[in-house]
Amino acid sequence: MDDDSGDSGKTIFDGSFSPQFGRNDGRWKRLDMDPPATSPTGGLALREEDLQTLAEFAFSEIAFRMPPHQLEGFASILRDHRTTEAEKYVAAALIRNAAVAAEGILPLCQDTGTALVYGWLGENVRIRASKASPAGDARGAAFCSGTAAIRAGAATAYRRHLLRSSQKGPVGMFDEAVTADNTPAAIDMRRVAGETCRFCFVAKGGGSANRTSFSMESPALLKPELFRAALAARIGGLGASGCPPYRIASVLGGLTPSQTLYTLELAALGLLDDLPAAGAGDGSPYRDREWERVMMELAAGTGVGAQFGGSALAMDSRSIRLPRHAASLPFAVGVSCSAHRALRSLASKEGWFVEAMEEDPGRFLPPELPVLPQAPVVDLDRPLRTVADELSAKPAGSFVLLSGTVLLARDAAHARFRAIVEGGGALPPYLAKYPIFYAGPTEAAAGMASGSFGPTTAGRMDSFLDILMDRGAALVTIAKGGRSKKATEVIASHRGAYLACIGGAAALAARDHVAESRVIDFPELGMEAVRLVRLDSLPAMVVVDGEGRDFYAR
């Protein structure tokens with residue numbers, strides 16, 4: 001397989017750029033598909049059917065498998081003498097999770113993500129519409145038929161593998177409906193120089209996407225001390241909600257806001273790694289390794305670590321500098337989470353090639369697995385007040401194993417609860433009986449108690465806490481990431497407790513720690529329906545205790 005992507009171009013946006021995917025580096029495999037035909041102009045002629053097949057394969061593959069470099073990053077945390085035992089435990093759990101998911105039944109993460117597709121079509125590449133398609137062979141119609149085929153392939157993958165449908169379509173300005181197949185996919189295809197066609201297929205979870213920050217800054221920020229302070233604030237605000245360890249990306253500059261954010265997305269995927277190491281002053285972008293080192297230093301200094309405290313908030317970083325208008329300075333920071341799901345593909349006259357995912361994640365595990373220190377089993381099948389008293393008395397940072405029944409409820413269900421209260425009604429009795437776990441699992445495969453099961457971001461439910469806790473509910477909540485100062489105060493005032501579980505280890509949790517799951521309310525909400533779930537020794541950490549001490553705030 002030959003990658004003729006050429007140099008990175010004067011800019012990333014003028015049609016001369018397509019990402020450097022690597023040259024015969026052993027990470028590519030040929031798909032069992034007929035090579036693209038040759039068009040009358042001598043370029044590639046891609047069939048709609050092949051694009052649909054490619055998209056279905058790609059989204060099926062990344063739902064269950066990771067690239068080797070991601071697993072090597074987890075393994076490096078296990079080998080690093082500077083990382084804590086808790087971080088090592090999380091890293092080992094993420095590798096074990098990848099091994100479970102690689103069996104092809106339980107997806108890597110319960111949030112199987114928004115389907116994103118980035119494409120770069122050589123100037124002589126054409127897309128042949130199928131006979132059933134109304135689109136012809138013209139350039140605009142070709143793009144339309146190509147995106148429709150890719151969307152159809154993504155939808156097929158999500159349906160076939162019972163991947164979670166997380167997308168909501170607007171019915172009105174404030175009303176929404178769940179789409180049935182996780183579409184629409186976000187597809188960005190661009191014409192570039194060259195004779196080949198490149199794609200990057202990505203499944204991006206909401207938790208990591210929500211870590212993106214963007215602002216239009218004053219050019220006064222262009223001083224080392226001021227820029228470092230701005231980076232420190234952004235990186236310090238990432239927290240654990242996006243499932244670290246992360247790849248953190250930053251972009252300074254850009255001719256438009258959309259240009260800056262597009263560059264951020266590509267940088268977080270590692271698609272800009274071959275940019276020059278210094279700027280030329282002519283508008284060319286470059287990658288700054290020194291500021292990447294600073295970003296890693298700042299990430300380690302947050303103390304958040306790989307979710308349970310420590311230094312491994314980030315496994316690596318990317319810092320990109322772009323040209324700008326003299327009066328404007330766009331600045332963006334974002335992450336790729338621990339459930340890094342991306343697959344690169346290349347079509348040439350030789351055939352269809354894809355990046356090889358890891359087939360044996362278990363090879364990255366050490367002979368002896370790390371364990372959580374002093375983690376007693378907590379029986380959740382007792383009166384909620386009793387469970388809350390036990391957990392609230394444990395200092396923030398304490399580890400436990402949770403066994404017993406929890407109530408699954410997240411954003412949409414909480415909105416329903418608040419509407420009941422505001423309408424003068426009584427809350428469902430089950431809310432006063434069980435701890436609330438903020439989660440929305442994937443659909444269970446035949447013979448499984450649950451689909452992939454993992455926590456969602458706690459902070460999105462902060463505004464509902466006082467309404468529920470004032471009525472004897474939500475005395476114990478379980479999710480991932482930190483909570484607001486106001487939420488912490490509410491928890492302390494009711495002698496409650498908030499616990500965090502490992503984000504990004506949903507296949508492992510479903511297989512080893514979920515004994516039973518059933519919908520009990522609001523089935524029309526799909527993955528956001530209210531469920532009762534019986535846990536078996538699920539690892540967790542007390543983040544906010546009954547005294548209002550907040551582990552992440554420390």
Side-chain angles (χ1 to χ4, degrees), residues 1-6 18-65 67 104 115-161 181 183 185 187-203 342-357 359:
M1 185 272 298
D2 184 28
D3 182 350
D4 64 350
S5 55
S18 59
Q20 194 84 320
F21 275 9
R23 298 178 182 274
N24 299 318
D25 54 11
R27 294 179 296 177
W28 294 84
K29 65 180 182 180
R30 186 195 299 266
L31 291 180
D32 186 17
M33 296 167 58
D34 292 334
T38 302
S39 72
T41 60
L44 298 183
L46 310 180
R47 299 188 310 160
E48 274 190 307
E49 297 90 332
D50 289 339
L51 290 176
Q52 182 170 338
T53 298
L54 176 66
E56 181 183 349
F57 171 85
F59 284 110
S60 299
E61 186 81 344
I62 61 177
F64 300 100
R65 292 181 177 85
L116 311 178
V117 184
Y118 302 94
W120 299 270
L121 278 64
E123 55 198 350
N124 288 328
V125 174
R126 297 291 180 267
I127 299 174
R128 288 183 174 176
S130 67
K131 294 180 180 179
S133 172
D137 226 6
R139 282 198 173 200
F143 265 56
C144 290
S145 63
T147 56
I150 290 170
R151 170 177 171 157
T156 300
Y158 273 78
R159 287 194 303 267
R160 179 168 296 172
H161 298 290
D181 53 11
T183 61
I187 302 171
D188 185 307
M189 294 207 300
R190 305 188 179 202
R191 285 287 180 190
V192 296
E195 302 295 326
T196 59
C197 178
R198 293 170 185 79
F199 291 102
C200 185
F201 297 88
V202 184
L343 181 141
R344 299 170 295 166
S345 173
L346 172 66
S348 70
K349 294 178 181 179
E350 301 172 38
W352 295 86
F353 299 86
V354 295
E355 181 180 8
M357 297 288 104
E359 298 289 341

> Rounded to the nearest 0.5 Å, how far does CZ of R191 lie from CG of N124?
Replying inline: 8.5 Å
> Can you name the side chain to side chain contact (heavy atoms under 4.5 Å, CB included) partners of A342, sequence neighbours left out?
Replying inline: C200, V202, L269, H340
>> Within this structure, what is the CH2-CD distance for the pair W28 and E355, rounded to the nearest 0.5 Å?
In response: 6.0 Å
> What heavy-atom pair brings S60 and H161 nearest, and what distance separates the two atoms?
Replying inline: OG-NE2, 2.9 Å
>> With side-chain contact (heavy atoms from CB on, under 4.5 Å) as the criterion, how do L31 and T53 come out once you've worked through the C-alpha distance, each side chain's angles and the decisive distance to 0.1 Å?
In response: CA-CA 10 Å; L31 291 180; T53 298; over 6 Å; no
>> For A63, give me all partners under side chain to side chain contact (heavy atoms under 4.5 Å, CB included), at least two apart in sequence or on another chain.
In response: L163
>> So which atom in W352 and which in L54 form the shortest heavy-atom distance, rounded to 0.1 Å?
In response: CZ3-CD2, 3.7 Å
> Rounded to the nearest 0.5 Å, what separation is found between the CZ atom of R198 and the OG1 atom of T196?
Replying inline: 3.0 Å
>> Tell me every residue that passes side chain to side chain contact (heavy atoms under 4.5 Å, CB included) with A58, counting only those two or more places apart in sequence or in another chain.
In response: F201, L343
>> Taking ring-ring contact (aromatic ring centres under 6.0 Å, His included) as the definition, give me every residue that meets it alongside Y118, ordered by chain and number, with sequence neighbours left out.
In response: none
>> My understanding is that only residues two or more places apart in sequence, or in another chain, count here; which of them pass salt bridge (charged side-chain N to carboxylate O under 4.0 Å, His left out) with R65?
In response: E61, E359
> Are Y158 and T183 close enough, and set up right, to give a side-chain contact (heavy atoms from CB on, under 4.5 Å), and what steps lead you there?
Replying inline: CA-CA 9 Å; Y158 273 78; T183 61; over 6 Å; no
> T156: what forms a side chain to side chain contact (heavy atoms under 4.5 Å, CB included) with it, not counting sequence neighbours?
Replying inline: Q52, E56, R159, R160
